[in-house]
Amino acid sequence: MSDSWQTWAALGVVAITVIAFIVRAVRRRRASKSGCASAADCGCASAKLGNLRPGEDHR
Amino acid sequence: MSTATAAQSVVATPTDGPVFAIIGNPNSGKTTLFNSLTGLRQKVGNYPGVTVEKKVGVCYSQHGRPMKVIDLPGAYSLAARSPDEAVLRDVLLGRRTDTARPDRVVCVVDASNLERNLYLVSQVCDLGLPVIIALNMTDLAEEAGIDVNAVELERLIGVPVIRCQASTGKGVLALRLAMSRSELPRPAFEWKIPEKIVPAVNEVIHGLTAREGRDRIGAQAEALTLLSDRENFPLVGSSAPSGIALDVVNRHEEQWRKEGYDWRGALVAARYEAIGLVLERVQRNKPRIGVAMSDRIDAVAVHPVLGWFVLGAVMTGLFLSIFSFAEYPMNWIDAGVAMLGDAVRAQMAPGDLRDLITDGVIAGVGGVIIFLPQILILFFFIGLLESTGYMARAAFIMDRLMSHVGLSGKAFIPLLSSYACAIPGIMATRTIEDRKDRLVTILVAPLMSCSARLPVYILMIAALVPGERVPLFTKVGIMLLMYALGTIGAFLFAWLFKRVLLRGETPLMILELPPYRVPSLRAVAMHMFERAFLFLKRAGTVILGISIILWFLTAYPKHENPEATAAAQIEGSFAGSAGKLIEPAIEPLGFDWQIGIGLIASFAAREVFVSSMAVVFSAGDDADETSSTLRQALLDAKWPDGRQLFTPLVCFTLMVFYVFAMQCISTIVIVRRETNSWTWPLFQVGYMTGTAWFASFIVYQAGRALGFS
């Protein structure tokens, strides 16, 4: 019984993670199309501050 | 001769709060001043050209009103030769479609180099915008024996001049008060336009005022900028200069060319003549005795031979610190992660959720955050080197080498930034004027060993040279070798690309060596903690997500036999199948399908290799045992025939693979954006992955032939 609910819970977490990755990819694609420097996950400190293209203001 | 001057008048504050642009020569302390004013946290370095991006912040007037502040790229003049200089020109001229023209300008002027800095000020004065001069680095000027009379300068140029030291925050309050003034005078700086050029300027003014309804000052500024601009550097997102003005300027320039008249030189000379008159009144040079401290240090630091030793010593010191200082905190984090895993195992009944938490989340994320101390030390040192001024010296030394491979000296700063992360490095290539040089730099920048490779190197060195008796210098030596390999690889490919793909002449670099400074520990600490935050954020988001998905891929589909061992389960899983699929391609490199899983997963980001190894090998642990360290798990890993998997040779080969492999999706996306094409990022993935395979193949096979295991 314990194994069964744990399996469903684990699969639920995996499904939520996959959805989160898809949403993130779509949002980044949209941001990229609007010219925003949204490399927020690159680890680069300056990326979050935007650049001089349309839709640049991230604050 | 005609006189170029802005009409002396005052300009009132716009009703919705003024927009200030902060401008200045590279390395004049502009970004530091911007930080002081707005409190925004960003990278602060003291080598020229660090500011490429636009940065916007808000500071408050003495009455609490918000004032928007834009930090514009550093430039020596408005005659643009690179994209970042063109950004400055276009924002100030109101040509940007996405950024409104600023209402007021704060010109940051390096008091120790007044003549050169006033050149840009004189050009900005021509624009007719209200200007405040922030006379920065007055302490350095005094040290250099230069005495600047700020009151006289204010009188001669007709704008407020505020003495300040951005690094210590001295004078920033006075600057904020000046910015808060409801009315600011327009500049009254005068210089004489050469007589031969006056008709062209007047014709442009007449055309623009009569036919486009522009004001006289703006029309004159447009004419002078067009006449100074060598190539009228175009920029995406900027409106083109007026066609009327261009026609007039082109016609006159054609005529001057025929006559052999150097109109640009004449304009520059005329400005410097006027600046010279100002300097005579405001600047006094005290006689200097002996050689300045910076010059004495530079006699060694940039010496053709000794300079290399200094650079080598600095790099050795950096890696020694990484290995020695980080050991204890790493052990604490490691023990904490292991305790957490054991606690979860003790509290939860066996099942998939428990496995997901222990083998996926804790092992995956814990395997990466253990490297936080190293990341902190790395960025502390990088910040320290930037802050003291040594980075510019390193650029100077490397320029000699880089010119041999056809790279521009300006490529050094992007390449240096790539040691931290290739993405800011690739963005920093915008300072390179020549398109081919810029492209070559973008193509080789990811070969510099970024901080994401550090966890992979450290893990492999730990597995490669296990035991406490191994001298520290051996580990440092291997690490230096990996960094050197990446750097040499970058230079070799740059040389190849410049000769085969993107031929062109090697440009000359003019690099300013700023004086050595006592580093601002606050700025260094801010930079370090900002990077630590980003590292942890990444571990808590992307790496957490990938670890969860990777756990699923190693746990499913379930083995037919519920009693099957964990190793058999992984072998039959989705991840195991993918690893087995590429195993024939990586077996000649000494890698098995389990390493293959790590190679595939780390295409998302290099450090994922560590978390994926943690997931793959911790899942192989007996569930009832306490978790072993990842290093021990790797050392225990075996081939099916019982041979050790992670032999010293395999560890070394794996490091070589990671030196060359292009495993970072974010970098690929940025290269696509910067080159505006998929061709170059795909080419980059192809050549780097191919090189990684061949280099690893040679290392592994040669190592075996020489009798290494």
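Per chain, numbering begins at 1; letters A, B, ... match sequence-line order.
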### Message
side-chain contact (heavy atoms from CB on, under 4.5 Å), that's the test. Do Leu353(B) and Trp5(A) meet it? Break it down for me.
### Response
CA-CA 8 Å; Leu353(B) 187 62; Trp5(A) 78 260; 3.7 Å; yes
### Task
Measure the spacing between OG1 of Thr17(A) and CG of Leu550(B) and express it to the nearest 0.5 Å.
12.0 Å
### Query
For Ile16(A), is it the side chain, the backbone, both, or neither that has a heavy atom closer than 4.5 Å to a heavy atom of chain B?
neither
### Query
Taking C-beta and beyond as the side chain, do Thr7(A) and Tyr556(B) meet within less than 4.5 Å on heavy atoms?
yes
### Query
So what's closer than 4.5 Å to chain A heavy atoms on Leu356(B): side chain, backbone, both or neither?
side chain
#### Entry: Which portion of Leu544(B) sits near chain A, non-hydrogen atoms under 4.5 angstrom
neither
#### Entry: Residue pair Arg354(B) / Gln6(A): nearest heavy atoms and the distance that separates them
N-OE1, 3.0 Å
#### Entry: Heavy-atom pair of closest approach, residues Val542(B) and Phe21(A)
O-CZ, 3.7 Å
### Message
For a 4.5 angstrom cut-off between non-hydrogen side-chain atoms, does Val14(A) reach Trp551(B)?
### Response
yes
### Query
To the nearest 0.5 Å, how far apart are CG in Asp352(B) and CH2 in Trp8(A)?
11.0 Å
